[in-house]
S.K.: 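Before I ask anything, let me first share the structure, which is written out below as C-alpha cells.
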Amino acid sequence: MLHRFRVAQKAEALALGVAWSDDRLVAVHEDGSAIRPEWYTDEFQRQAKAAGLPVIRLHDARHTAATNLLDSGASVSAAAKWLGHDPAILLRVYGHVYDEALSLPGQCCSVAPNRPPARSSADPLASSRQAQRVK
C-alpha cells in the first residue's frame, strides 16, 4: 500500500511540475513539508471533539485498539503484528486480565455442589469405598 501511495505521490508531483527525488518523505503536507508528530495528536483531538467523543491521548487509542484486538479473540501473534510489537511486549503492555476472564478457569476448577469429586480408576481405594457403600 505504501508503495502504491509513493507512486501516486510521484505522479502528482510530476503533474504539478515539482521536482521529485526518491528520498522524499511519505507523510507530508500538501506543499511537501514534513508533518510534525504533534500534528497527529492535535488532529486526533480535533476530530474527537468534532465527533462529540471524549478527548483522550492518541496513544490511548492505540491502547484501546490493542485491548479490543485481544478481547475479540485475535491471536496474540496477529494482534502483535498488527501493532508492530513482539508478542511478549504486547502481552506485557496491553494484556489485561478482567474479572469475567477469570470466571471460566474458576468454573473449571470448582466441584459441583452435592456431588463428590470423580474418582479415577487408578485410585486403589475407590473400589473398596464403593463396595462399602453398597453394603
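Note: hydrogens, waters and symmetry copies are ignored here, and every other heavy atom, side chains too, is used.
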S.K.: Under 4.5 Å between any side-chain heavy atoms of Leu70 and Leu90, yes or no?
M.R.: yes
S.K.: Phe5 versus Met1: any side-chain heavy-atom pair under 4.5 Å?
M.R.: no
S.K.: Any non-hydrogen side-chain atom of Arg57 less than 4.5 Å from a side-chain atom of Thr41?
M.R.: no
S.K.: Output the distance between atom CG (Leu83) and atom NE2 (His63), rounded to the nearest 0.5 Å.
M.R.: 11.0 Å
S.K.: Work out which heavy atom in Pro54 is nearest to a heavy atom in Ala48; give both atom names and the distance.
M.R.: O-CB, 4.0 Å
S.K.: Give a yes or no on whether Phe44 and Val55 share a hydrophobic cluster (residues Ile, Leu, Val, Met, Phe, Trp, Tyr; joining criterion: side-chain heavy atoms under 4.5 Å apart).
M.R.: no
S.K.: How long is the gap from CG on Asp86 to CZ on Arg92, to the nearest 0.5 Å?
M.R.: 9.5 Å
S.K.: Please answer whether the main-chain N or O of Asn68 pairs with a side-chain N or O of Ser72 as donor and acceptor at a distance below 3.5 Å.
M.R.: yes
S.K.: Arg62 and Leu58: side-chain contact (heavy atoms from CB on, under 4.5 Å), yes or no, with the steps?
M.R.: CA-CA 7 Å; Arg62 179 180 174 82; Leu58 182 55; over 6 Å; no
S.K.: Is any side-chain heavy atom of Arg6 closer than 4.5 Å to a side-chain heavy atom of Leu2?
M.R.: no
S.K.: Are more than 12 heavy atoms from other residues, nucleotides or ligands located less than 6.0 Å from atom NE2 of His59?
M.R.: yes
S.K.: Of all the heavy-atom pairs spanning Ile56 and Ala61, show the shortest one and how long it is.
M.R.: CD1-N, 4.0 Å
S.K.: Indicate if Ile35 and Leu25 have the same hydrophobic cluster label, given that clusters are the connected sets of ILVMFWY residues with side-chain heavy-atom separations under 4.5 angstrom.
M.R.: no
S.K.: Should Tyr40 and Val28 be counted in the same cluster of Ile, Leu, Val, Met, Phe, Trp and Tyr side chains packed under 4.5 Å apart?
M.R.: no
S.K.: Above 12 or not: heavy atoms from other molecules or residues under 6.0 Å from CH2 of Trp39?
M.R.: yes
S.K.: Indicate the atoms forming the closest heavy-atom contact of Ser75 with Ala78, along with that distance.
M.R.: OG-N, 3.0 Å
